[in-house]
Amino acid sequence: MAGILSAIKLREAGFDDFTVYEKADRLGGTWRENTYPGIACDVPSHLYSYSFAPNPEWSHRFSPGSEIQAYFEEVADRCGVTPRIRFGSEVGRVAFSGGRWQLETKDGGRDEVDALIAATGVLHHPNIPSIEGLDRFGGALFHSARWDHAVKLDGRRVGIVGTGSTAVQIVSALVDRVAKLSLFQRTAQWIMPQENPPYSEAERAAFRRRPELLRSAYAELGSLFHAFSGGLVDADSPEMKAIERACRANLEQSVRDPMLREKLRPSYRAACKRLVMSPNFYESIQKPNAELVTDGIERVEADGVRTRDGRLHELDVLVLATGFRVDRFVRPMQVIGREGRSLDAVWSRRPSAYLSICVPGFPNFFMLNGPNGPVGNFSLIEVAELQLGYAMKLIELLRSGRCREISPSAEATARFEAERSEAARRTIWASGCRSWYLDDRGVPMSWPWTFDRFRDEMSAPKLEAFELR
Ligand SMILES: Cc1cc2nc3c(=O)[nH]c(=O)nc-3n(C[C@H](O)[C@H](O)[C@H](O)COP(=O)(O)OP(=O)(O)OC[C@H]3O[C@@H](n4cnc5c(N)ncnc54)[C@H](O)[C@@H]3O)c2cc1C
């Protein structure tokens, strides 16, 4: 998504000497790799689209992953980006030397560039939990982002570890196909009710005929989500209270068995973890062949999962819906800045960046969806578009000859990070739960202010925060 976006916008701005490096043999990133049953976006499709490439053809309010993948392929083809992608080319090392970035790919390729945009993703490196005996499982075992479509699921016993958005989507998609579905829950999740109606042919035809309808859908959904962001960053806001009420009512009204209801009731506030949305998770987990397992996992054995109460849950297939290593960003790529300093060393405690885009000592290096940016049920496409707009204004300074190297000052970055961490402690994400939003100190790794403030900040770089050489 972010790499295609960069190529389109660079070209529009008249930059023609660029290359997109992609380690896989197909574009799509997240949507190429996540093909599990039930995968869909949980931001409405008309918002989870590039602002400049609205799509009248979305089939549902929240469209399936395969459609999103097809959308990115179609936009990349239409905008002439696909031929500019060097597929099967993993960037292994980039080093700033002699005023330019020296780039090396794992297959021995080399390049020298003035500026680098890291569009390497956030939810990209699967997180494999350290559960004893995982390697001894006799059935099929895979992470949700590495779904093995050769494995038969119908009529079999399937276990799913994890209860985030992915697990919830998989449960709803599989429960009617499998003989037995066991969901291993470490932490209960609040579930926001979600309706996912299809768009009728008449509605799609209207979108095709009248592009202004698409533009207003994008704008209206955007305002709704931006207002929601105001709630997230103020844990006591009326928006937060409304979300909590909706989640609680969903649980109370949808789950009949009081014991199951209590097992599904989180002990923390709604939206403290990334809010899970589902039209039918509660209905699915109440089916007779579904079981919510809340006794912790002791170990995995050849025949299944042994929980701490001593019970063996016999399984044919075990799916790890255990998320991603969200502290990786451009890594494992080696990034070497001025004076031979590696990004890995700079980030040895935890990743950080000025406005989540650039790092002191790493000139002309710009990240999209980098550390501590807006997360939490936004469209990351919108986030990347704003960040790219900001980076392009800095790249423009290089092109115009105003400077040859640009990077944020250490002082501005430290000040930003201190203010950010302070504000992050007041958000809903810090209201008392364990989640992938939290860093090693328990501070949310996110933009802690409103989306409007983010947009304002992205509208024009404050050059006093930068060192220009
Ligand atoms: C299951 C799932 C559901 C999601 N749902 C939503 C949603 O509803 N709404 C939302 O806003 N976001 C959602 N996201 C987040 C999603 O990751 C982003 O929306 C978006 O797709 C990220 O795009 P990206 O281009 O930044 O990164 P990615 O899609 O991760 O793409 C990064 C690309 O860079 C390549 N790459 C990485 N390192 C290198 C290297 N060293 N050399 C060469 N190539 C490299 C990768 O192969 C990949 O193709 C979801 C994520 C997941 C996993």
Side-chain angles (χ1 to χ4, degrees), residues 1-7 19-50 60-65 67-69 71-73 76 81 85-94 103-107 109 111 116-127 143-147 162 164-170 194 196 221-222 225 274-277 321-326 328-335 343 356 367-370 373-385 387-388 436:
M1 175 278 284
I4 298 162
L5 166 72
S6 305
T19 305
V20 183
Y21 289 91
E22 170 54 62
K23 64 182 172 178
D25 56 8
R26 195 178 170 197
L27 59 78
T30 289
W31 306 100
R32 172 192 73 229
E33 297 195 342
N34 290 267
T35 57
Y36 58 78
I39 183 169
C41 55
D42 60 12
V43 167
S45 293
H46 284 293
L47 182 61
Y48 193 71
S49 308
Y50 295 119
H60 286 76
R61 186 178 292 165
F62 302 92
S63 299
E67 264 181 56
I68 302 172
Q69 172 68 17
Y71 168 77
F72 286 125
E73 289 181 326
V81 170
I85 305 178
R86 204 167 289 176
F87 288 106
S89 205
E90 177 168 0
V91 181
R93 187 176 194 271
V94 290
L103 179 150
E104 292 169 25
T105 57
K106 291 249 168 107
D107 57 3
D111 200 351
L116 268 180
I117 297 174
T120 44
V122 197
L123 305 180
H124 181 57
H125 299 285
N127 174 47
H143 186 274
S144 54
R146 300 285 181 272
W147 198 272
S165 304
T166 289
V168 160
Q169 290 181 340
I170 296 173
Q194 177 203 52
N196 192 14
L221 289 164
F225 274 71
R274 187 175 192 277
L275 201 54
V276 177
M277 316 209 182
T322 44
F324 298 87
R325 296 192 60 192
V326 292
R328 299 286 85 199
F329 298 101
V330 296
R331 299 176 289 183
M333 186 169 117
Q334 267 188 289
V335 183
L343 192 63
S356 104
M367 290 176 286
L368 301 181
N369 283 314
V375 288
N377 304 87
F378 295 122
S379 163
L380 290 193
I381 303 184
E382 194 180 9
V383 171
E385 284 190 27
Q387 291 173 330
L388 181 69
W436 61 266

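Keep in mind that the numbers below use all heavy atoms, side chains included, and drop hydrogens, waters and symmetry copies. Just follow the structure's listing: the first ligand is 1, and inside any ligand the first atom is 1.
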Counterpart residues, side chain to side chain contact (heavy atoms under 4.5 Å, CB included), relative to [X] (two or more places apart):
{"X": "Asp111", "result": "Thr19, Tyr21, Leu103, Val113"}
{"X": "Glu33", "result": "His124, Arg146"}
{"X": "Ala7", "result": "Phe18, Val20, Val81"}

>> Tell me which one of Gln194, Gln169, Arg274 satisfies side chain to side chain donor-acceptor pair (under 3.5 Å) with Asp42.
In response: Arg274
>> Strictly under 4.0 angstrom, heavy-atom based: which residues surround ligand 1?
In response: Met1, Ala2, Tyr21, Glu22, Lys23, Gly29, Thr30, Trp31, Arg32, Asn34, Tyr36, Cys41, Asp42, Val43, Tyr48, Ser89, Glu90, Val91, Ala119, Thr120, Gly121, Leu123, His124, Thr166, Phe324, Met333, Asn369, Phe378, Ser379, Leu380
> So, does Tyr48 use its side chain to make a donor-acceptor pair with the main chain of Phe62 at under 3.5 Å?
Replying inline: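 No, Tyr48 side chain to Phe62 backbone: no donor-acceptor pair under 3.5 Å.
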> Which word best sums up how the rings of Tyr50 and Phe72 line up, parallel for under 30°, tilted for 30 to 60°, or perpendicular for over 60°?
Replying inline: perpendicular
